[in-house]
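The block underneath contains the structure these notes are about, expressed in structure tokens.
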Amino acid sequence: MPGVVIIGTQWGDEGKGKATDALGDRMDYCVRYSGGNNAGHTVVVNGEKFTLHLLPSGILNAGCSCVIGNGVVVDLGVFYDELDELAERGIVVAHPLISANAHLITAYHVTLDKVSERFAGLKKIGTTGRGIGPAYSDKVNRIGLRVQDILDADTLTAKVEAALEQKNQVLAKIYNRRPIAAQPIIAELLTYAERLRPYVVDAARLLNDALDAGKNVLFEGAQAHHLDVDHGTYPFVTSSNPIAAGACTGSGVGPKRIDRVIGIAKAYTTRVGEGPFPTELLDATGEQLRTRGGEYGVTTGRPRRTGWFDALVVEQANRVNGVTDVFLTKLDVLTGWEQIPVCVGYRIDGAIIEHWPMTMSELEHAQPVYEYLPGWVEDITAVRTFADLPVNAQAYVKRIESLIGARISGIGVGPGRDESIVINQLV
Ligand code: GDP
Ligand code: IMO
Ligand code: MG
């Protein structure tokens, strides 16, 4: 069972980092295939917390080689800050391998992300401001910079100058900003060239060879299904394909190489940034969920929007991603509620539907239809088997499983590497 993909089934921050780290000891490779440092993945090992934005979450497992795939957009400053920070904390990790075809985020992408959000005013997306959208736009527009370009100063110079010729028109004429000079950007990128050069690889060849040799490869999704540019709540999405299929385009392996797709689902729902969220709670209960769950963005520190579990959200993600197993995280956060609502349908203009709607305007008008399940009060953080969970917690998990179209193979009861209940061993 060598090719495993982990994806988020909601709007991000489901606990993908913890799940990736927990499987890391059985993995030969851990690969990021989409997004960039808009991601914030938390790993807690022996009570010590690590926040990873660009480094794959397998990095803390000594036997696991980390790879940044072609589908990722890389801010090299952030990448090296993260690596150096681990070293400063005394954590020895191997330098990740990086696809020659991965695209680069530069200062002008970050500037354009910020000014375009400001310009949009109330219509903003609520991006992380990390330059993600502009970098992917350049990739599709065929004016992007790739990792391989910094190994050739002449090519890099020509590409940055050409890109800025266009960007500076946009900055000056649309956003009324000062133009950006090419030289400092080129000079900064070139400072990374020699440090990076030994680790630049043909990642597609490397990973296919590894799979041929029977190695275990874990593809770590960032963001989530409902933030996918094709399948998410467009336009309130990121600019890449975090879905499981993105693991193929974003790393260069064929679909037949993926044996298992693990969908990570939080036992309730959160979202950062703008966009529809039918079960959102804007009251004291929402605040309670935020406080108990520690729901503040890892990347931007923004308070996350919170709400009850929405089965339609996760069922849709499980369907489109071919999820084979769900890992239900943060069940411990739900301890102490007398009853717990679960969204089982939407009321839209008087009619009730029990599946994800086809259009965004339907979703924007959707009112959640709740089923109320009895809660539990016992502390479950030390529970390690399903049978030891309180009966009502077992029933909550079983009811969710019956609604989402995939089996629940693991349950999170705390942030730590070992704070999980394993129902089906996945690797
Ligand atoms: P990711 O982006 O999907 O990797 O998730 P984040 O790291 O952004 O957010 C998940 C948060 O929940 C982190 O603070 C994790 O340490 C924490 N977490 C993960 N699983 C569990 C769990 O089962 N219980 C609790 N209480 N916290 C968890
Ligand atoms: P992880 O991997 C939650 C959201 C932003 C915004 C939208 C577009 O930690 O789950 P972008 O900067 O990508 O152009 O922003 O996507 N977003 C995330 N929300 N978790 C993430 O990553 C996210 N990455 C992007 O808040 O709404
Ligand atoms: Mg996160």
Side-chain angles (χ1 to χ4, degrees), residues 6-22 32 34-45 47-54 56-57 72-73 75 105 109-110 112-114 116-117 124-137 220-229 232-240 242 263-277 289 292-305 327-335 379-381 383 410-421:
I6 282 185
I7 58 129
T9 59
Q10 294 155 321
W11 281 286
D13 306 323
E14 297 89 352
K16 298 175 293 293
K18 173 189 153 169
T20 303
D21 166 70
R32 274 282 306 270
S34 72
N37 59 310
N38 47 350
H41 295 178
T42 316
V43 175
V44 179
V45 186
E48 203 180 339
K49 184 168 156 179
F50 299 90
T51 304
L52 305 166
H53 298 284
L54 260 174
S57 301
V72 177
V73 284
D75 184 324
I105 298 179
H109 296 115
V110 176
L112 280 163
D113 193 357
K114 290 182 177 156
S116 62
E117 280 280 272
K124 69 176 189 221
I125 305 289
T127 72
T128 59
R130 300 299 191 262
I132 305 295
Y136 279 116
S137 305
E220 178 189 12
Q223 289 78 55
H225 172 86
H226 292 278
L227 289 172
D228 184 276
V229 68
T233 47
Y234 191 91
F236 301 103
V237 293
T238 191
S239 301
S240 67
I264 314 296
K266 210 176 267 189
Y268 46 100
T269 314
T270 62
R271 174 163 205 172
V272 200
E274 308 301 316
F277 179 176
L289 267 179
R292 290 195 200 173
E295 298 297 351
Y296 293 88
V298 173
T299 298
T300 56
R302 290 178 289 180
R304 294 177 182 149
R305 300 159 65 192
F327 189 87
L328 190 70
T329 61
K330 302 190 99 161
L331 189 64
D332 54 300
V333 175
L334 295 182
T335 296
D379 181 353
I380 61 170
T381 53
V383 173
I411 299 168
V413 291
R417 189 181 263 180
D418 304 318
E419 288 178 307
S420 302
I421 295 170

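None of these values were measured; they are calculated from a predicted model. Counting starts at 1 for both ligands and their atoms, following the listed order.
- Judged by distance alone, the side chains of E220 and S57 do bring a donor and an acceptor atom under 3.5 Å apart.
- A pairwise comparison of heavy atoms in N38 and T299 identifies O-OG1, 3.3 Å as the closest pair.
- Ligand 1 has no N or O atom lying under 3.5 Å from any N or O atom of L331, backbone or side chain.
- Listed by number with element, the atoms of ligand 2 under 4.0 Å from a non-hydrogen atom of V237 are 7 (C), 8 (C).
- The side chain to side chain contact (heavy atoms under 4.5 Å, CB included) test with K18 singles out one residue from E419, R417, K330, and that residue is E419.
- Only the side chain of V298 comes within 4.0 Å of ligand 1, judged by heavy-atom distances.
- Note on ligand 1: G12 sits outside its first shell, no heavy atom being nearer than 4.0 Å.
- Summary of contacts: the protein heavy atom closest to atom 22 (C) of ligand 1 is G414 O, 3.2 Å.
- Looking at atom 6 (P) of ligand 1, its nearest protein heavy atom turns out to be G40 O, 3.6 Å.
- Of all the heavy atoms of V43, none lies under 4.0 Å from any atom of ligand 1, so neither backbone nor side chain is involved.
- Every atom of ligand 1 is numbered from 1 in the order shown, and the set under 4.0 Å from a heavy atom of G17 is 4 (O).
- A donor-acceptor pair is defined here as one N or O able to donate and one able to accept, closer than 3.5 Å; such a pair exists between the side chain of K16 and the backbone of Q223.
- You'll find the side chain of I105 reaches within 4.5 Å of the side chain of I132, heavy atoms only.
- When only interatomic distances are considered, the shortest N/O to N/O separation between V272 and ligand 2 falls below 3.5 Å.
- Checked by atom type and distance alone, the side chain of T329 pairs as donor or acceptor with a backbone atom of E14 at under 3.5 Å.
- Each of the atoms 1 (P), 2 (O), 10 (O) of ligand 2 lies under 4.0 Å from some heavy atom of K16.
- Atom OH of Y234 is surrounded by 12 or fewer heavy atoms from other residues, nucleotides or ligands within 6.0 Å.
- Counting all heavy atoms, side chain and backbone alike, G263 lies closest to T9 at CA-CG2, 3.7 Å.
- In terms of protein heavy atoms, atom 27 (N) of ligand 1 is closest to K330 CE, 3.5 Å.
- Distances from ligand 1 to the non-hydrogen atoms of G8 include no value under 4.0 Å.
- One finds no salt bridge joining D75 and R130 here, because no Lys/Arg side-chain nitrogen approaches an Asp/Glu carboxylate oxygen to under 4.0 Å.
- Nearest residue to atom 3 (C) of ligand 2 from N37, I132, D13, T51 is D13 (criterion: closest heavy atom).
- The proximity of Q223 to ligand 1, defined as any non-hydrogen pair under 4.0 Å, does not occur for either the backbone or the side chain.
- Checked by distance only, ligand 2 and Q223 come closer than 3.5 Å through their nitrogen or oxygen atoms.
- Closest heavy-atom approach to atom 14 (O) of ligand 1 among the candidates I421, D13, T42, T329: T42.
- Set against the non-hydrogen atoms of G412, the atoms of ligand 1 under 4.0 Å away are 23 (O).
- Taking atom 17 (N) of ligand 2 as the reference point, the nearest protein heavy-atom neighbour is L227 CD1, 3.7 Å.
- Polar contact with ligand 2: present for T238 (N/O pair, distance under 3.5 Å).
- Atoms of ligand 2 lying under 4.0 Å from at least one heavy atom of W11, given by number and element, are 3 (C), 19 (N).
- For A19 against I264, the heavy-atom pair with the smallest separation is CB-CD1, 3.7 Å.
- In this structure, the side chain of R305 engages the main chain of G273 through a donor-acceptor pair within 3.5 Å.
- Just one of L112, T127, T128 meets the side chain to side chain contact (heavy atoms under 4.5 Å, CB included) condition when paired with E117; it is T127.
- One distance of note links CG of L331 with OG1 of T381; it measures 11.5 Å at 0.5 Å rounding.
- Atoms of ligand 1 lying under 4.0 Å from at least one heavy atom of G15, given by number and element, are 1 (P), 3 (O), 4 (O), 5 (O).
- Of all protein heavy atoms, the one lying nearest to atom 20 (N) of ligand 1 is K18 CD, 3.5 Å.
- Polar contact check, T128 against ligand 2: a nitrogen or oxygen pair lies under 3.5 Å apart.
- When heavy-atom distances to ligand 1 are checked against a 4.0 Å cut-off, D332 comes that close only through its side chain, counted from C-beta outward.
- Geometrically, ligand 2 and S239 share no nitrogen or oxygen pair separated by less than 3.5 Å.
- Heavy atoms of H41 found under 4.0 angstrom from ligand 1 belong to the backbone as well as the side chain.
- In summary, the atoms of ligand 2 found under 4.0 Å from a heavy atom of A222, numbered by their order in the structure, are 2 (O).
- Here the side chain of Y136 pairs a donor or acceptor atom with the backbone of G35 at under 3.5 angstrom.
- Between V413 and I380, the shortest heavy-atom distance links the atoms CB-O, 3.6 Å.
- Residue R302 approaches ligand 2 through these ligand atoms, each under 4.0 Å from one of its heavy atoms: 5 (C), 26 (O).
- Using a 4.5 Å heavy-atom threshold, the side chains of L289 and E295 count as separate.
- Across all their heavy atoms, R304 and V272 have their closest contact at CG-CG2, 3.6 Å.
- Residue contacts with ligand 2: T127 is placed with no nitrogen or oxygen under 3.5 Å of a nitrogen or oxygen of the ligand (distance criterion only).
- Taking 4.5 Å as the limit, some side-chain heavy atom of P235 sits within range of a side-chain heavy atom of I125.
- Counting heavy atoms closer than 4.0 Å to ligand 2, residue H41 contributes side-chain atoms (C-beta onward) but none from N, CA, C or O.
- The protein non-hydrogen atom at the shortest distance from atom 6 (C) of ligand 2 is G126 O, 3.2 Å.
- At least one N/O/S atom of G40, from backbone or side chain, sits under 2.8 Å from the Mg ion (ligand 3).
- Nearest N/O/S atom of D13 relative to the Mg ion (ligand 3): this is OD1.
- The residue from E274, R271, H225 that alone fulfils the side-chain hydrogen bond (donor to acceptor under 3.5 Å, both in side chains) condition with T233 is R271.
- At least one heavy atom of R304 lies less than 4.0 angstrom from ligand 1.
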